[in-house]
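Any value given below was found using the heavy atoms of this structure, including those in side chains, with hydrogens, waters and symmetry copies removed. Residue numbers start from 1 in every chain, and the chains themselves are labelled A, B, ... in the order their sequence lines are given, proteins ahead of strands.
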Amino acid sequence: ASMPLPEVSHKRVVLLFDCDCFYAQCEMLEHPEWRKKPLAIKQKYLVVTCNYVARKSGVRKLQSLEDAKLRCPDLIIVDGSDLTKYRAVSMRVFNVLKRFGGAAAKHERLGMDEVFVDVTRAAEEDREDEPRLMGHLFQPDPAAVRAARTLRAELNFREAPAADAKAEQSDSGSEDGDWVRDYRETASPDDAKAALADEQLCDCGCQKRLARASKIAAEARMALFKEIGLTVSCGVSTSKMLAKIAAGLNKPNKQTTLLPQHALALVHALPTRVIPGLGFGVASALRELHPPVFTCADLAREGVRPLERLLRATLKSPPAGLAKDLWQRSLACDTDAVKPFSG
DNA sequence: CATTATGACGCT
DNA sequence: TAGCGTCATA
C-alpha cells in the first residue's frame, strides 16, 4: 500500500558484451596450441579464470591451485598477475565495439572484459519491417509467467495470490553462477518468431527494436572474432541489468535476447545478487532477516521502507535513493543509463 | 570469501 | 579539494 509499481519503459535498447573467460582467451591468442587443452590463469595460489576445456574437468574460478590440479592433472597454468597484456586486449575490444551502434550510441566499459552499448537510436532508425532475431530468445515457462503475474498483483493490491499459482515459493539458495544453468533457454526459431510477432505482449515496438539490435550484436561479435580472435557472449534487452542477465543465459560465444515483458518471470526467482549495486554485504544481511530474503520476489514483497532500515543497519552511509533503486530492480526495472566514455 | 585490480560514493 | 574508507565489480 506504499510505493507504486515502477514504471517500465521499453524505449531503450542495451547490449552487454562479455568476453568469455577473458584472461584465458588472451593467453590462447598468443598460444593457439592451448586452445584444445585445459588452461587456467592463476594469481597467487588461486585460479582466477580458466578456459572451457578446463571447466569440463571441474576447474572453477577462485579455486585453489591445489584443487584444480587434483581435478585436472594435465592443467596448463599461466601466471596472470601482470595485467598489461589483458589491458591492451581490453582496449582493442572496446575500440572495435565503438564502431557499432552508430554515432548516437553510448559505450561503457565494466571492468576489462565487459562493455555496455546503448543502441536505442540505431534500433529505431533501422527501417527493416520484419527483422529476424539473431541468436537465442529467452522464453519463460508458463509457471514462471504465472508467478510473475501474481507477484505484480500482490503488490498492486493487498490480496492473497490468485488460487492459480501458489506453486513455487522460495527456491533453494543456490551458489552464485548456479542459477544460470536452470534458466538457459534455446528458443526454436518458430517460437521466437511467434513471440516477436505477439502483439499481446506489447505494442510499443520493443520487440522489433530488440530484434534489430540482435543483428547489431551478431555483427559486432563477428567483428571481434575476425579482427581480434575473441569470442564473446552478449545480452540484448532494455536495460543494463536485463542485458547482463540475458548475456549469462547462453555461454560461451552465444547471444540472448530478453524481452522486457518476460523479464519479471526470469528475475523473480533469482537470488538478490543479480541486482546491480546489491553486493555481498547487503545480500547476506537480507538472508539474515526473518523471514529470510533470498530471491528478487522476496525483496520486492519486502518493500522500500524495510529495505532502507536494513541498509542503514548494514552500510556505513547508504547513498540516498539506493533502497528505492534496489527495490525497483527487484521488479526488473532498472533505469541506470549507459554512461558514455568510462574509459 | 580469496586474486588484483578499478570505479563510485560519502565523509572529513 | 584531495585523500581515505567502504562497497561493489570483474
First encountered from the 5' end of DNA chain B, between A:R87 and A:Q43: A:Q43
All side-chain contact (heavy atoms from CB on, under 4.5 Å) counterparts of A:A297, not counting sequence neighbours: A:L151, A:H268, A:T295, A:R301
Watson-Crick and G-U pairing of DNA chain C, under 3.5 Å, as dot-bracket with | and [ ]: .|||||||||
First of A:F280 and A:L83 reached from the 5' end of DNA chain B, by closest nucleotide: A:F280
Aromatic ring pairing A:H262/A:F138, orientation class (parallel under 30°, perpendicular over 60°, tilted between): perpendicular
Would you list the atom pairs, donor with acceptor, under 3.5 Å between side chains in residues 274-292 of chain A and any protein atom, with sequence neighbours excluded?
from	atom 1	to	atom 2	distance (Å)
A:S284	OG	A:F280	O	2.7
A:S284	OG	A:G281	O	3.2

All salt bridge (charged side-chain N to carboxylate O under 4.0 Å, His left out) counterparts of A:E27, not counting sequence neighbours: A:K85
Spacing of A:L62 atom CG relative to B:dT3 atom C1', expressed in whole Å: 7 Å
Sugar-phosphate, base or nothing in reach of A:V282, heavy atoms under 4.0 Å: sugar-phosphate
Partner residues of A:R92 under the side-chain contact (heavy atoms from CB on, under 4.5 Å) criterion, sequence neighbours left out: A:I228
Interatomic distance, A:L46 CG vs B:dC1 P [rounded to whole Å]: 14 Å
Partners meeting salt bridge (charged side-chain N to carboxylate O under 4.0 Å, His left out) with A:K208 (sequence neighbours left out): A:D129
Sugar-phosphate only, base, or nothing, as touched by A:G111 at under 4.0 Å among non-hydrogen atoms: nothing
Euclidean distance, atom CG of residue A:L110 to atom P of B:dA5 [Å, nearest integer]: 18 Å
Atom-pair distance (CG on A:D113; C1' on B:dT6), nearest Å: 13 Å
Whole-Å distance separating the CE atom of A:M112 from the P atom of B:dA5: 9 Å
Touch class at under 4.0 angstrom, heavy-atom based, for A:K244 against every strand present: sugar-phosphate
Any donor-acceptor N or O pair under 3.5 Å, side chains A:S233, A:D20: yes
Which atom pairs, one a donor and one an acceptor, fall under 3.5 Å between side chains of residues 63-78 of chain A and the rest of the protein, sequence neighbours left out?
from	atom 1	to	atom 2	distance (Å)
A:Q63	OE1	A:R60	N	3.0
A:Q63	NE2	A:G58	O	3.1
A:S64	OG	A:D67	N	3.1

Residues from residues 309-325 of chain A lying under 4.0 Å of DNA chain C - heavy atoms: A:T314, A:L315, A:K316
Spacing between A:D336 atom CG and B:dA8 atom P, to the nearest angstrom: 11 Å
Sugar-phosphate, base or nothing in reach of A:L65, heavy atoms under 4.0 Å: nothing
Please tabulate, one pair per line, all N/O donor-acceptor pairs under 3.5 Å involving side-chain atoms of residues 31-38 of chain A, not counting sequence neighbours.
from	atom 1	to	atom 2	distance (Å)
A:H31	ND1	A:E33	OE2	3.3

Mind listing the side-chain donor-acceptor pairs of residues 111-120 of chain A below 3.5 Å, one per line with the distance, residues two or more places apart or on another chain?
from	atom 1	to	atom 2	distance (Å)
A:E114	OE1	A:K244	NZ	2.9
A:E114	OE2	A:K244	NZ	3.1
A:D118	OD1	A:T120	N	3.0
A:D118	OD1	A:T120	OG1	2.6
A:T120	OG1	A:V13	N	3.0

Qualifying residues under side-chain hydrogen bond (donor to acceptor under 3.5 Å, both in side chains), relative to A:K106, sequence neighbours excluded: none
Chain A footprint on DNA chain C, 5' to 3' - any atom under 4.0 Å from a heavy atom: C:dT6 to C:dA10
